[in-house]
Amino acid sequence: MDAQDCQAAATLEPPGPPAHGCVAAWWDMVDRNLRSFPHSCSTLGRKIAALYDSFTSKSLKEHVFPPLIDMLIYFNFFKAPFLVDLKKPELKIPHTVNFYLRVEPGVMLGIWHTVPSCREEDAKGKDRCWYEAALRDGNPIVVYLHGSAQHRAASHRLKLVKVLSDGGFHVLSVDYRGFGDSTGKPTEEGLTTDAIRVYEWTKARSGITPVCLWGHSLGTGVATNAAKVLEEKGCPVDAIVLEAPFTNMWVASINYPLLKIYRNVPGFLRTFMDAMRKDKIVFPNDENVKFLSSPLLILHGEDDRTVPLEYGKKLYEIAHNAYRNKERVKMVIFPPGFQHNLLCKSPTLLITVRDFLSKQWS
């Protein structure tokens, strides 16, 4: 502060009463403010007391477990690979465009649209409008619903997209709310809404071209949730591919490697399940498939340790028993070597998917 500022500050005085003639009104205002002060303090005190009661009415585990469950199920805070500009997919995969889809107020989804490799030359220099129109070109479309953690630029996801693109598929790689650069917070209901909106958006632009929901791991629960809702609307999904599916999230999470070490802790399982119920996290694949009529292909690796093969087999058994047309349900088990994320490396994956879908769509 310089000398001039100091002099100006020294001349400042606290505001006093107004000029003669308004003194009575000024003192009346002061009196009203003083009278309202105890009331304001009382209101603030009640709010503080209410917040305190709300906090203390729940046990510590009720405060800790639901956020912990969300973190373990979705793992969306882990936004690897880092330092990737999701607005520029061409730096990671060719003939791909980035766009955003508003599914509800406050929720904007980031999506990459990769066209079939056979259209690579056509796609050069084209904008989003061209890509959107290309959905009507007759090449089948996959809406890819990924698993927990990371985002649409994860390496194993890009490998699968490349395989499908080379096989003649359009691929829409979706980041759910709270994943990647998509806004919002992940919940089971929210992720289901995301998948439904993207599917409906795609169908509205694809003409007679079939659209398949492809879910991996967590995404299998999102896919069957969405497919069930669409079935109930009278708009069954053209096809569903479930890669490394579980029966339901309760069973899958209890056997999650990070949680196995806590299963013998007294009260852990009960507290864990209570937290899952509180957050309404179920993703009931085993119940959903009982209500579906869409062609259903289940893919599972023999050496998958994250979601063991037995879950995929159980889900297939439930679906096969429930479907009236048994030919609409198929399971393919891949030999050891691909684990949970790398079925895309199998030389038979593409032909397996194309053969199944071509028979169902013929």
Side-chain angles (χ1 to χ4, degrees), residues 103 135-136 138-146 164 169-172 174 176 188-189 191-249 251-252 282-300 307 311-333 343 349-362:
V103 297
L135 291 170
R136 291 177 175 267
N139 291 300
I141 304 165
V142 167
V143 173
Y144 179 61
L145 306 170
H146 63 63
L164 293 175
F169 289 88
H170 288 270
V171 185
L172 298 180
V174 183
Y176 319 110
E188 179 168 353
E189 182 180 3
L191 268 60
T192 301
T193 298
D194 295 345
I196 293 170
R197 295 291 179 269
V198 174
Y199 182 83
E200 290 178 333
W201 181 91
T202 307
K203 285 294 291 181
R205 289 156 179 78
S206 63
I208 60 172
T209 304
V211 181
C212 169
L213 284 182
W214 183 309
H216 172 241
S217 196
L218 170 67
T220 64
V222 179
T224 64
N225 273 356
K228 183 186 176 186
V229 173
L230 290 165
E231 187 94 27
E232 291 169 346
K233 286 184 176 183
C235 306
V237 175
D238 294 333
I240 307 166
V241 176
L242 302 180
E243 180 188 354
F246 46 82
T247 48
N248 61 71
M249 187 57 75
V251 173
V282 187
F283 293 104
N285 283 333
D286 50 358
E287 290 299 319
N288 288 339
V289 295
K290 296 176 183 178
F291 301 94
L292 303 181
S293 62
S294 304
L296 176 63
L297 176 62
I298 296 176
L299 310 172
H300 220 122
V307 181
Y311 296 159
K313 286 183 175 180
K314 180 64 177 177
L315 186 63
Y316 169 74
E317 180 184 337
I318 294 170
H320 191 263
N321 289 336
Y323 268 61
R324 292 183 179 180
N325 185 347
K326 308 300 182 185
E327 293 183 359
R328 289 203 146 201
V329 187
K330 183 177 181 179
M331 180 174 189
V332 177
I333 300 172
L343 289 186
L349 175 67
L350 182 62
I351 192 169
T352 296
V353 174
R354 287 199 66 90
D355 282 355
F356 176 78
L357 295 179
S358 61
K359 288 178 183 176
Q360 299 298 327
W361 292 338
S362 62

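All values reported here derive from a predicted model rather than from experimental measurement.
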Using only atom types and a distance under 3.5 Å, with no angle test, would you say the side chain of [X] pairs donor to acceptor with the backbone of [Y]?
X: Y311; Y: A244; value: no
X: K326; Y: N321; value: yes
X: E243; Y: W214; value: no

Legend entry - Pair E231-K228, salt bridge (charged side-chain N to carboxylate O under 4.0 Å, His left out): steps then yes or no: CA-CA 5 Å; E231 187 94 27; K228 183 186 176 186; over 6 Å; no
Which distance, rounded to the nearest 0.5 Å, do you find between the [atom1] of [X] and the [atom2] of [Y]?
X: L292; Y: T224; atom1: CG; atom2: OG1; result: 7.0 Å
X: K314; Y: I298; atom1: NZ; atom2: CD1; result: 12.5 Å
X: Y176; Y: L191; atom1: OH; atom2: CG; result: 6.0 Å
X: I141; Y: F169; atom1: CD1; atom2: CZ; result: 11.0 Å
X: L164; Y: L350; atom1: CG; atom2: CG; result: 7.0 Å

Legend entry - Flag if over 12 foreign heavy atoms under 6.0 Å of CD, E327: no
Legend entry - Of all pairs that satisfy side chain to side chain donor-acceptor pair (under 3.5 Å), the ones with a partner from residues 351-362, not counting sequence neighbours: none
Please give me the minimum heavy-atom distance between [X] and [Y], naming the atom from each residue.
X: V174; Y: H146; result: O-CD2, 3.2 Å
X: V211; Y: V237; result: O-CG1, 4.1 Å
X: P245; Y: V307; result: O-CG1, 3.2 Å
X: A227; Y: L213; result: N-CD1, 4.5 Å
X: I240; Y: S294; result: CD1-CB, 4.0 Å
X: V251; Y: T247; result: CB-OG1, 3.8 Å

Side chains of [X] and [Y], heavy atoms from C-beta outward: is any pair under 4.5 Å?
X: R197; Y: E200; value: yes
X: V282; Y: E188; value: yes
X: T209; Y: H170; value: no
X: E287; Y: I318; value: no
X: F246; Y: D286; value: no
X: Y199; Y: L145; value: no
X: K203; Y: D238; value: yes
X: Y316; Y: V289; value: no

Inset, instruction - For L299 and F356, run side-chain contact (heavy atoms from CB on, under 4.5 Å): C-alpha distance rounded to whole Å, both residues' side-chain angles, the deciding distance at 0.1 Å, then the answer. - result: CA-CA 12 Å; L299 310 172; F356 176 78; over 6 Å; no
Inset, instruction - Please step through side-chain contact (heavy atoms from CB on, under 4.5 Å) for the pair V143 and W201, ending with a clear verdict. - result: CA-CA 11 Å; V143 173; W201 181 91; over 6 Å; no
Inset, instruction - Could you tell me if the ring centre of Y144 sits under 6.0 Å from that of H216? - result: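 So the answer is no for these two rings.
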Inset, instruction - Would you sort out whether M331 and L315 count as a side-chain contact (heavy atoms from CB on, under 4.5 Å), showing the intermediate values? - result: CA-CA 10 Å; M331 180 174 189; L315 186 63; over 6 Å; no
Inset, instruction - Apply the side-chain hydrogen bond (donor to acceptor under 3.5 Å, both in side chains) test between N225 and each candidate in T193, T192, N285, T220; give the one that qualifies. - result: T192
